[in-house]
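When a residue number appears, it is its place in the shown sequence, counting from 1. Side chains included, hydrogens not; waters and symmetry mates left out as well; all remaining heavy atoms used. All of these numbers come straight from a predicted model, not from anything done at the bench.
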Amino acid sequence: MATPLSDTPLSLKKIAVVGLGTMGTGITEVLVQAGREVVGIDVSEAQAARALTALEASTARSVERGRLTGAERADALARLRTSTDLAAAADADLVIEVVPESYEIKHQIFRELDGVVRPETILATGTNALSVTRLAADSARPERVLGLHFFNPAPAMKLVEVVSSVLTAPQVVAAVTDLALELGKEPVAVGDRPGFVADGLLFGYLNQAAAMYEARYASREDIDAAMRLGCGLPMGPLALLDLIGIDTARTVLDAMYAESRDRLHAPAPILKQLSEAGLTGRKAGRGFYTYEAPGSAAVVPDPLTPAADGTGAAGREVRSVGVAGSGTMASGIAEVFAKAGYDVVLAARSEEKAEVAKARIGRSLARSVDKGRLTAEAAAQTLERITPAGSYDAFADVDLAVEAVAEDLEVKRQLFQALDKVCKPGAVLATTTSSLPVVACARATSRPQDVIGMHFFNPAPAMKLVEVVRTVLTADEVHATVREVCRTVRKHAVDCGDRAGFIVNALLFPYLNNAVKMVEEHYATLDDIDAAMRLGGGYPMGPFELLDVVGLDVSLAIEKVLHREFRDPGLAPAPLLEHLVAAGCLGRKTGRGFREYARR
């Protein structure tokens, strides 16, 4: 019979951690440093000893770095004891299990704990994929069972997801939430579904990246570089899968797919192949990448590593560049080329618009001078290299023409027809489109072999990534030319084929769309989702912050393009996104999107 819960706040002073792997050891470190008495329990005596050694080493490093005093370290270590027997949890106020992600193992642990701990003890599971409700229902104390999902490495990561089932008592949730705050963490309250918030969004994205690699659309290095440089992520998706463990990712995705039946959650076949071959990532020494040794973070070359010499076709000489357009992207690209020493013709539909764009560049360069990034002399020389023009006829002698006009296929086609007539034979014609077919621009010319995609990211002077998009008609020497130009302007080029979204948008926007669906389903709030992805996923911005910055209309347009091209029901734009756009709530630029903004 369940023990009634009083209104008295629950005190969680003595805590047992069951499972002393990497996560369990990290949680233990957080707890003892916060003044809790902890018993660490593991079936393996050797593992318990390794955990203690790891804790001694990590706290010693904290002393060296001035984060702990020697006395504080000694006190923290004195608060920990280890055991191989679950009976050691008998006097714990809270038990946190972080054993392998197997329902059978967790169920066995909970069943044994029911016969060991006091009736008022809270039992928390560290699962990120299995049903907390199912574990609670099988327990003798379902109202005292909940999920407590830390992120790896637990001492550094601020996010903790507090997962309640329909059976969990509010006092239990409150007590564990208060504990998380006392530990210096930022708790987010979520309901019970596979992946919760952070992993629910993260693993869909990781799965799509694995599928993109499996389809040989782009190399592992280019996929990872694109997401690091294009989105500001701390790690690329394939490197992150290796860190998490490919077998673990497959387990999480299996659980998510079992509930959602969304094809985006169906594990990519390559995850099964690697898992069953024992190539589970860093811990095995090999996964998507090859590592120096099992457990090492050092990547070593293997047969898939790209050649460093960049052998291939010779490119064409580029001395002058034409940039078509007068908006922020066009002026940013013109600035990039001029800074690198190219003579730039900046052409717009009128001389006045071109002059306005050049003035914008002048202000940008002045800011760089003010911040000490550029000398006044270098800024003046850069601006002198830019010639504004009111007609594309000024592109007659350029070696490379880059269009950065409106994201409208008919507008771009007409522009490429004009460039075909104006530009000299052998000039490379590039489009900066982020979502339209490059080949459609190429077919508007009499020289489709000279057309390629150069997708810069905004703001172009600051963002290091350029997606180089080859069509089936693009000549090898044109590709080589653009790769060399990217090196000259100090951008990191990644190669990809001519399909919707290229690398970054094809992986980013389904993740953003899924975040909107979470809000539609009332699973979590905007603030909690944004916090979860910043703190748990290392994203520089939460999905709703990013959507409002990008513009909801732009986001919706990209979602529609992806849905049309891939025909996957899971890519259908979330109705809430469509409704906000229809209402004119487009984000920061209109003062209201998912949030409201003060008008300037």
When you compare the side chains of [X] and [Y], does any donor N or O come within less than 3.5 Å of an acceptor on the partner?
X: Tyr213; Y: Asp224; answer: no
X: Asp495; Y: His479; answer: yes
X: Arg483; Y: Thr488; answer: no
X: Asp548; Y: Tyr597; answer: yes
X: Glu407; Y: Ser435; answer: yes
X: Arg316; Y: Thr481; answer: no
X: Asp302; Y: Thr290; answer: yes
X: Ser446; Y: Asp420; answer: yes

Rounded to the nearest 0.5 Å, the CE atom of Met256 sits from the CG atom of Asp262 at a distance of 8.0 Å

CZ of Phe395 to CD of Glu403, rounded to nearest 0.5 Å, is 10.0 Å

**Message:** Between Lys358 and Glu355, is the salt bridge (charged side-chain N to carboxylate O under 4.0 Å, His left out) condition met? List the steps.
**Reply:** CA-CA 5 Å; Lys358 182 173 178 177; Glu355 290 286 1; 5.9 Å; no

Minimal non-hydrogen separation, [X] against [Y], with atom names:
X: Ile529; Y: Ala524; result: CG1-CB, 3.7 Å
X: Leu535; Y: Met157; result: O-CE, 3.2 Å
X: His265; Y: Ser260; result: ND1-OG, 2.8 Å
X: Pro573; Y: Leu556; result: CB-CD1, 3.5 Å
X: Val300; Y: Thr305; result: O-OG1, 4.4 Å
X: Leu346; Y: Ala357; result: CD2-CB, 3.6 Å

Paired with Tyr205, the side chain to side chain contact (heavy atoms under 4.5 Å, CB included) test is passed by just one of Leu512, Leu508, Leu233, namely Leu233

Result for side chain to side chain contact (heavy atoms under 4.5 Å, CB included) between Thr431 and one of Val469, Val438, Leu436, Ile452 points to Val438

Q) What's the verdict on side chain to side chain contact (heavy atoms under 4.5 Å, CB included) for Gln449 and Val478, showing C-alpha distance, side-chain angles and the deciding distance? A) CA-CA 8 Å; Gln449 72 280 0; Val478 168; 5.8 Å; no

| message | Please tell me whether Tyr539 and Tyr511 form a close aromatic pair, meaning their ring centres lie under 6.0 Å apart. | response | yes

Does any part of the side chain of Val356, heavy atoms only, come nearer than 4.5 Å to the side chain of Ser326, both counted from C-beta? no

For [Y], is there an ion pair with [X] - N to carboxylate O distance below 4.0 angstrom?
X: Asp476; Y: Arg470; result: yes
X: Arg413; Y: Glu410; result: yes
X: Glu521; Y: Lys517; result: no
X: Arg595; Y: Asp527; result: yes
X: Arg534; Y: Glu545; result: yes

Are there over 12 heavy-atom neighbours, none belonging to Lys421, within less than 6.0 Å of that residue's NZ? no

